[in-house]
**Student:** 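Below: one structure in structure tokens.
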Amino acid sequence: MNKIAILGTGAIGQLIHYQLNQSIKKTDSLCFIDRQKTRCHKVNVTTLLGDILKYDANFINAQSPQSAFTDIQLLIVCVKSYQVIDALVPLINQLPPRCHILLLHNGMGPHLILQEKLHASYPTIGLSLGTTSQGALRHTAWHIEQTGTGLTQFGHHSGPLMVESLKARLLNSIDNAQYCESILPMLWQKLAVNAVINPLTAIERCKNGALSAERFRLQIDTIAQEIILVAQHDAILLNKAALIQRILDVISLTKNNFSSMYQDITHHRRSEIDNINGYIIQRAEKHRLSVPENILLYHKVKDLESI
Ligand code: PAF
């Protein structure tokens with residue numbers, strides 16, 4: 001039996017829930033952890049084929065007594081990067097000792113705080129990290145639409161390994177899922193994609209595809225070069241030509257999308273800049289490196305956030 005819980009009911013949390021629910025066996029169980037809901041709720045999903053599917057999702061209230069959490073084997077964290085620590089830390093002591101946590105969010109940073117906390121106080125809880133390029137839009141609180149397929153990569157980070165049955169469950173349920181023996185280089189590559197596309201589309205107020213114009217090439221090159229330098233000091237080697245090609249490929253594959261940061265800024269929501277270019281700046285400061293282009297983008301987005 002696998003019991004999986006998902007923290008975060010945004011578009012990606014609901015999409016992952018839907019995909020796991022599709023492959024659920026009678027002996028498995030699946031739920032959301034939520035601050036408000038307690039029992040069961042109808043979830044609506046518009047699939048890539050345009051069908052609207054409805055099903056009942058179970059909930060555990062985040063304030064429930066420990067007994068509600070006892071058999072959770074895997075907790076998938078799909079909240080925004082800046083919410084991870086505040087949402088997760090109060091729950092950790094409710095989790096059973098052999099539970100495993102998978103962080104699945106844009107940007108980087110919370111894993112450093114979490115790995116220390118787990119190591120110091122909960123050494124039997126393992127930590128995996130992941131990234132997804134699947135596209136999903138939230139129409140209403142409980143109606144999402146899958147808008148694109150994309151790679152989902154996950155792999156071990158610290159503490160005990162994820163058990164094989166859970167790994168298999170994720171690989172069999174999530175479209176285009178891949179287990180990576182070494183996940184940090186994958187997260188740095190995705191970070192570079194986000195560090196270019198997200199702030200530039202938010203600042204220029206454009207769709208991702210507009211960044212394929214020649215006038216952005218030098219800037220993309222400079223941002224990527226700064227990231228490669230910082231990653232190298234964090235013991236991650238990235239190939240410049242391959243990284244720039246990947247960024248250009250994502251720009252082209254998602255040309256009709258408005259990036260998540262564009263959407264956050266347009267809707268006057270907090271963006272994930274602190275965990276994207278902000279994380280690069282933080283690591284650069286640690287290694288005493290200079291990253292002026294990332295600093296410029298960071299401040300421009302911070303200015304937009306305050307409007
Ligand atoms: O944050 C986003 O919008 C996405 O991660 C990406 C890959 C930039 C596509 O829009």
Side-chain angles (χ1 to χ4, degrees), residues 8 10-16 48 76-84 103-111 129-139 144-154 174-178 180 183 185-213 216 219-220 223-224 227 238 242-280 293-294 297-298 300-302 304-305:
I12 291 297
Q14 291 191 41
L15 179 63
I16 298 287
L48 285 170
I76 308 179
V77 181
C78 297
V79 295
K80 292 272 191 187
S81 50
Y82 54 81
Q83 297 168 325
V84 172
L103 298 185
L104 200 62
H105 57 77
N106 264 348
M108 290 176 76
H111 67 293
L129 307 177
T131 174
T132 185
S133 300
Q134 297 200 91
L137 257 180
R138 200 173 180 192
H139 290 302
I144 60 136
E145 177 178 352
Q146 183 169 15
T147 52
T149 53
L151 197 61
T152 299
Q153 295 171 306
F154 65 100
I174 302 172
D175 302 338
N176 288 321
Q178 228 176 48
C180 302
I183 189 66
M186 308 303 162
L187 295 186
W188 272 92
Q189 286 172 35
K190 178 74 185 338
L191 185 73
V193 167
N194 287 123
V196 167
I197 300 180
N198 294 28
L200 286 179
T201 51
I203 294 161
E204 300 285 333
R205 305 212 173 232
C206 63
K207 286 188 174 175
N208 295 355
L211 303 182
S212 61
F216 291 110
Q219 204 176 4
I220 293 175
I223 304 164
I227 294 170
L238 301 172
L243 189 66
I244 293 190
Q245 194 51 54
R246 175 157 178 188
I247 295 168
L248 297 177
D249 288 347
V250 177
I251 288 174
S252 149
L253 284 169
T254 62
K255 60 175 187 278
N256 293 320
N257 288 13
F258 287 108
S259 77
S260 53
M261 196 170 285
Y262 169 98
Q263 295 184 49
D264 287 337
I265 294 297
T266 312
H267 293 106
H268 305 286
R269 296 188 298 242
R270 181 174 171 184
S271 80
E272 295 188 282
I273 194 76
D274 288 312
N275 294 97
I276 301 179
N277 306 77
Y279 181 72
I280 295 156
E293 196 61 41
N294 276 281
L297 294 179
Y298 177 83
K300 282 190 175 172
V301 173
K302 279 285 171 200
L304 291 174
E305 269 185 354

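Both ligands and their constituent atoms are indexed starting at 1 by order of listing. This is a predicted model, so every value here is computed, not measured. Residue numbers start at 1 and run along the sequence shown.
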**Student:** Starting at CD of E305, measure out to CG of D264 and round the result to the nearest 0.5 Å.
**Tutor:**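 If we round to the nearest 0.5 Å, E305:CD and D264:CG are 8.0 Å apart.
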**Student:** Could you tell me which atoms of ligand 1, counted from 1 in the order shown, lie closer than 4.0 angstrom to a heavy atom of S259?
**Tutor:**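 The atoms of ligand 1 under 4.0 Å from a heavy atom of S259 are 3 (O), 10 (O).
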**Student:** Quick one: nearest non-hydrogen protein atom to atom 5 (O) of ligand 1, plus distance?
**Tutor:**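 Protein heavy atom with the smallest distance to atom 5 (O) of ligand 1: N194 ND2, 3.0 Å.
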**Student:** Considering only the protein, which heavy-atom contact is closest to atom 1 (O) of ligand 1, and what is its distance?
**Tutor:**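 The closest one turns out to be S260 OG, 2.6 Å.
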**Student:** For ligand 1, which atoms, with element, lie under 4.0 Å from some heavy atom of N106?
**Tutor:**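 Ligand 1 atoms under the 4.0 Å threshold to N106: 1 (O), 5 (O).
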**Student:** Return yes if a side-chain donor-acceptor contact under 3.5 Å exists between N106 and K190, otherwise no.
**Tutor:**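 K190 and N106 do have a side-chain donor-acceptor pair below 3.5 Å.
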**Student:** Among all protein non-hydrogen atoms, which one is nearest to atom 8 (C) of ligand 1, and what is the separation to 0.1 Å?
**Tutor:**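 In this structure, atom 8 (C) of ligand 1 has N198 OD1, 3.2 Å as its nearest protein heavy atom.
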**Student:** Verify whether one side chain among N208 and Y262 offers a donor that lies under 3.5 Å from an acceptor in the other.
**Tutor:**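 No donor-acceptor contact under 3.5 Å links the two side chains.
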**Student:** Among all the protein's non-hydrogen atoms, which is closest to atom 9 (C) of ligand 1, and how far away is it?
**Tutor:**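 Protein heavy atom at minimum distance: N208 ND2, 3.5 Å.
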**Student:** Counting only heavy atoms closer than 4.0 Å, does ligand 1 sit against the backbone of K190, its side chain, both, or neither?
**Tutor:**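 The answer is the side chain of K190.
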**Student:** Check the pair Q153, I183 against side-chain contact (heavy atoms from CB on, under 4.5 Å), reporting the backbone distance first and the verdict last.
**Tutor:** CA-CA 8 Å; Q153 295 171 306; I183 189 66; 4.2 Å; yes
**Student:** For atom 7 (C) of ligand 1, what is the closest protein heavy atom, and at what distance to 0.1 Å?
**Tutor:**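 Scanning the protein heavy atoms, the shortest distance from atom 7 (C) of ligand 1 goes to V250 CG1, 3.8 Å.
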